[in-house]
Protein chains: 2
Amino acid sequence: MIDSLEQQLDSIQNASTLEDLQIATEALRDYYKVLHVVYHWVNSIGERFGAGTYSPEWVDRYVEKDYLRMDPVIYGCFQRFTPVIWKELDWSSKAARAMLGDALDHGLGNQGYTIPIRGPSGQFALFTLNNHAEDDAWTAFISDNARDLMILAHELNKKALEFEQWGDAATTPMLSPRELGAMTCLAKGMNRAQAAAEMQISEHTLRVYIESARHKLGAMNTTHAVARALSTGVIIV
Amino acid sequence: MIDSLEQQLDSIQNASTLEDLQIATEALRDYYKVLHVVYHWVNSIGERFGAGTYSPEWVDRYVEKDYLRMDPVIYGCFQRFTPVIWKELDWSSKAARAMLGDALDHGLGNQGYTIPIRGPSGQFALFTLNNHAEDDAWTAFISDNARDLMILAHELNKKALEFEQWGDAATTPMLSPRELGAMTCLAKGMNRAQAAAEMQISEHTLRVYIESARHKLGAMNTTHAVARALSTGVIIV
DNA sequence: TTCTTACTCCCCCAAAATAGTGAGTGAGAA
DNA sequence: TTCTCACTCACTATTTTGGGGGAGTAAGAA
């Protein structure tokens with residue numbers, strides 16, 4: 001039993017495999033005396049990865065039911081910089097409440113706290129604590145531990161990065177300034193004529209940029225190219 | 001003189017104006033005994049905002065020379081999740097070294113440490129400490145203070161968000177499940193026929209979803225709609 | 001120097017997307 | 001109950017995009 005934050009951090013920092021992180025989340029669960037501790041991320045092409053104490057059944061069900069698409073936690077964290085207390089999210093939709101009920105049936109607690117961390121290329125990591133508790137008790141617990149949890153989230157994230165070798169700049173294509181300009185105009189809603197006018201070039205030239213950007217981004221069409229440019233962070237609209 | 005981390009955090013949390021944050025960065029500079037402490041961000045439409053101890057001359061020069069476009073710190077932080085020690089970045093390009101020399105002339109130290117924080121729509125915040133020091137001393141200093149600095153960065157960020165009212169979920173339109181599905185398929189690069197097949201509906205029906213999503217998102221065309229859906233976080237690709 | 005890369009311009013034609021209509025079902029809310 | 005909204009399907013004409021060519025200049029790197 002690990003009984004200090006320092007030791008928890010050490011065990012994370014010394015992790016050399018995903019399994020070590022798995023063990024670390026279990027230790028954190030015991031340390032904080034909560035039901036579940038989970039770290040996971042989703043990258044820009046939808047691959048997932050993680051370590052945590054959710055039961056395999058719940059994870060499978062989550063994937064199977066495609067809860068990712070309507071989970072208020074995901075949705076809430078995606079729109080914010082800051083951590084969220086689950087109770088403060090919008091659970092009004094029927095689907096969200098159904099998911100919550102389903103989660104409770106699979107051994108999750110009614111309270112949660114999730115810290116979002118975002119990366120350069122649409123990577124999106126979540127560090128979650130889940131427990132059974134009254135609203136006040138949970139809020140107080142979070143308030144007491146928020147800073148430590150932030151540090152833990154970042155340390156877990158750092159390790160996960162090492163394992164997955166993210167931030168590999170080679171994978172993010174370099175677009176030329178004009179290509180970036182073209183993508184940006186399109187992302188702003190201009191058509192080719194408008195974008196060409198904006199960039200003060202002929203529409204033919206603009207097309208060259210769009211085409212080359214599309215190839216560099218490995219996109220099927222213009223919409224795809226803009227989507228990739230946005231979600232990999234090469235353009236900002 | 002504020003002489004404990006707790007007091008520093010309190011002064012940030014109690015800030016009610018940007019000037020309070022400015023004072024907080026000055027207090028942090030004195031607390032850590034460094035040359036400069038800066039927090040600033042860039043939002044999705046390129047607006048900047050910040051508080052810090054850089055001289056107005058340097059800030060003006062930075063903007064005037066458009067250093068933002070080639071600053072290795074910006075570039076490095078943009079490609080990483082994790083904080084960067086400036087010395088570890090790639091300063092090989094002529095422009096980068098020229099900028100560094102210019103920075104030293106404007107009162108910056110040779111060492112720096114920058115923590116990037118990313119937001120939902122390309123928002124991008126940086127918290128930087130800058131000082132004159134030997135490599136080893138600086139590395140040791142950072143290693144000792146990394147966790148505290150992370151907490152400080154997040155607290156500053158939280159305040160900055162309050163002032164600017166980002167992440168205002170009320171402004172993001174609600175798309176129906178099918179509309180979300182349609183946008184997601186398009187963002188993945190499918191054309192209408194493929195998306196319709198994927199969603200198991202006729203192409204005509206798919207078009208209705210695209211149209212209604214476009215109207216809800218206030219977009220000029222499909223590409224624009226997908227771009228808005230992505231950058232407001234209503235879909236995840 | 002040579003070589004690459006970014007930048008600019010032009011053609012043609014098929015394929016895809018868009019705009020403007022329309023209508024009918026079922027579920028849930030007021 | 002009535003009313004709204006999500007969901008499903010259809011037609012026609014017009015505009016926009018996509019894919020295939022080719023070609024020349026200027027700047028910077030090897």
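Computed from a predicted structure; not experimentally measured. Residue numbering restarts at 1 for every chain, and letters A, B, ... go by the order of the sequence lines.
Side-chain contact between A:I85 and A:W138: present, with at least one pair of heavy atoms (C-beta onward) separated by less than 4.5 Å. Residues A:L126 and A:C77 meet the side-chain proximity criterion, which asks for heavy atoms closer than 4.5 Å.
The six-membered or imidazole ring of A:H154 lies near that of B:H154, with a centre-to-centre distance under 6.0 Å.
Summarising the geometry, the separation between CG on A:N221 and P on D:dT16 is reported as 18 Å, rounded to the nearest angstrom. Between A:L186 atom CG and D:dT16 atom P there is a gap of 14 Å when expressed in whole angstrom units. Rounding to whole angstrom units, CZ of residue A:R192 and C1' of D:dT15 are separated by 11 Å. Nucleotide D:dA10 holds its P atom 11 Å from the CD atom of B:E203, rounded to whole Å. Distance, A:M190 CE to D:dT17 P: 13 Å, rounded to whole Å. If you measure from atom NE2 of B:H215 to atom P of D:dC5, you get 15 Å, rounded to the nearest angstrom. Going from atom CE of A:M220 over to atom P of D:dT17 covers 19 Å, rounded to whole Å.
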- request: Show your working on side-chain hydrogen bond (donor to acceptor under 3.5 Å, both in side chains) between A:Y54 and A:N130 and close with a plain yes or no.
  value: CA-CA 10 Å; A:Y54 286 159; A:N130 174 269; 4.8 Å; no
message: Applying side-chain hydrogen bond (donor to acceptor under 3.5 Å, both in side chains) to A:T223 and B:T223, what does each step give before you reach the verdict?
response: CA-CA 5 Å; A:T223 298; B:T223 299; 2.8 Å; yes
task: Might you work through the side-chain hydrogen bond (donor to acceptor under 3.5 Å, both in side chains) test for B:N157 and B:Y39, ending with a clear yes or no?
output: CA-CA 8 Å; B:N157 199 54; B:Y39 168 83; 2.5 Å; yes
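Counting only heavy atoms from C-beta on, A:N191 has its side chain closest to D:dT16 among C:dA17, D:dA6, D:dT16. Closest approach to the B:R178 side chain among C:dT8, D:dC7, C:dA17 is made by D:dC7 (side chain taken as heavy atoms from C-beta onward).
Listed by residue number, the members of residues 204-213 of chain B with any heavy atom below 4.0 angstrom from DNA chain C are B:R207, B:E211.
A side-chain N or O of B:D71 and one of B:Y62 form a donor-acceptor pair less than 3.5 Å apart.
Taking only side-chain nitrogens and oxygens, B:S202 never comes nearer than 4.0 Å to OP1 or OP2 of D:dT8. Applying the 4.0 Å criterion to OP1 and OP2 of C:dT5, one finds that A:K216 has every side-chain N and O outside that range.
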